[in-house]
Amino acid sequence: MKLFLDSANLKEIEEAVSWGAIDGVTTNPSLVAKEHRDFVPLLREICERVNGPVSMETTTRDAEGMAKEGRLFATVHPHIVVKCPLTKEGLKATRQLSSEGIRVNVTLCFSPSQALLAAKAGASFVSPFVGRLDDVSQDGMALIRDMKTIYANYRFATQILVASVRHPIHVVEAAKIGADIATMPFSVLEALIKHPLTDIGLDRFLRDWEKLPAAIKQFKTVERTLA
Ligand code: E4P
């Protein structure tokens, strides 16, 4: 499964790239607004740091406006994927942009019927928001299971990009179901690494190592032994 970072923050993106952890980035208007920067240069800088798709969301409600914005975003960098909302107008824009060879990520997906329509419109990615469904007492992961079945039944090439991920369990469940991608905030990516037993184990190993006399620990001794 691919992992994307859901962030427009360059420091977070650089750090996650240095771990070899991320295959792409998703942004949305709220995340971009937090950075207080001109969005085009910011978008270009994000694309230059990540070797994979970078989603940027349109900010109009009508299909024509979305298509216009999408074409503009696509000129910024080849990594760009245009995000369109799961509305009638969003589907029209998805169909249009996809027919022009521009990749679209249909966002704000909350039901299997919406997911089916996004795939039919030609979306490269569809983003089901699991956390926001959980927030209203609906099972977000049930949507991922339904999408997986529907897309497999009809061999849609559309990738399931699990979004609104709130904790590591969402990521693990998505991976078990076989979702193509999960996008997550930096805090969740960090949480995927952590385990208290890893920290305790490392402390113990290093403490024991400290007990060895300095002469034995020297790298020269190791080299001589190996020669
Ligand atoms: C995905 O593309 C969205 O930007 C994101 O996952 C939304 O997450 P939230 O529900 O935590 O805001």
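Both backbone and side-chain heavy atoms feed into the values below; hydrogens, waters and symmetry mates do not. We count ligands from 1, going down the list as the structure has it; atoms in each ligand are counted the same way.
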Which residue, Asn105, Thr183, Thr26, forms the side-chain hydrogen bond (donor to acceptor under 3.5 Å, both in side chains) with Ser55? Asn105
Before accepting this row, confirm whether a basic side-chain N of the pair Lys11/Glu14 lies closer than 4.0 Å to the acidic partner's carboxylate O. no
Is Arg166 near ligand 1, meaning one of its heavy atoms is under 4.0 Å from it? yes
Heavy atoms of Met1 and Ala175 approach each other most closely as CE-CB, 3.6 Å
At a 4.0 Å threshold, what atoms of ligand 1 neighbour a non-hydrogen atom of Asn28? 3 (C), 4 (O)
Quick one: which ligand 1 atoms are inside 4.0 Å of a heavy atom on Ala163? 1 (C), 6 (O)
Counting from 1, what ligand 1 atoms have a heavy atom of Lys83 closer than 4.0 Å? 1 (C), 2 (O), 3 (C), 4 (O)
Among all protein non-hydrogen atoms, which one is nearest to atom 7 (C) of ligand 1, and what is the separation to 0.1 Å? Phe129 CE2, 3.7 Å
For atom 6 (O) of ligand 1, find the nearest protein heavy atom and state the residue, atom name and distance (0.1 Å precision). Ser164 N, 2.7 Å
Using non-hydrogen atoms of the residue, decide whether Asp6 is closer than 4.0 angstrom to ligand 1. yes
Element-labelled atoms of ligand 1 that are located less than 4.0 Å from some non-hydrogen atom of Arg132: 7 (C), 9 (P), 10 (O), 12 (O)
Is it the case that more than 12 heavy atoms not belonging to Arg166 sit under 6.0 Å from its CZ atom? yes
Would you find a donor on one side and an acceptor on the other, under 3.5 Å apart, between the side chain of Thr149 and the backbone of Arg145? yes
For the CG atom on Asp62, are there more than 12 heavy atoms of other groups (residues, nucleotides or ligands in this structure) within a distance under 6.0 Å? yes
Lys/Arg-Asp/Glu bridge criterion (N-O < 4.0 Å) met for Arg132, Asp135: no
Going by the 4.0 angstrom heavy-atom rule, the piece of Met184 near ligand 1 is neither
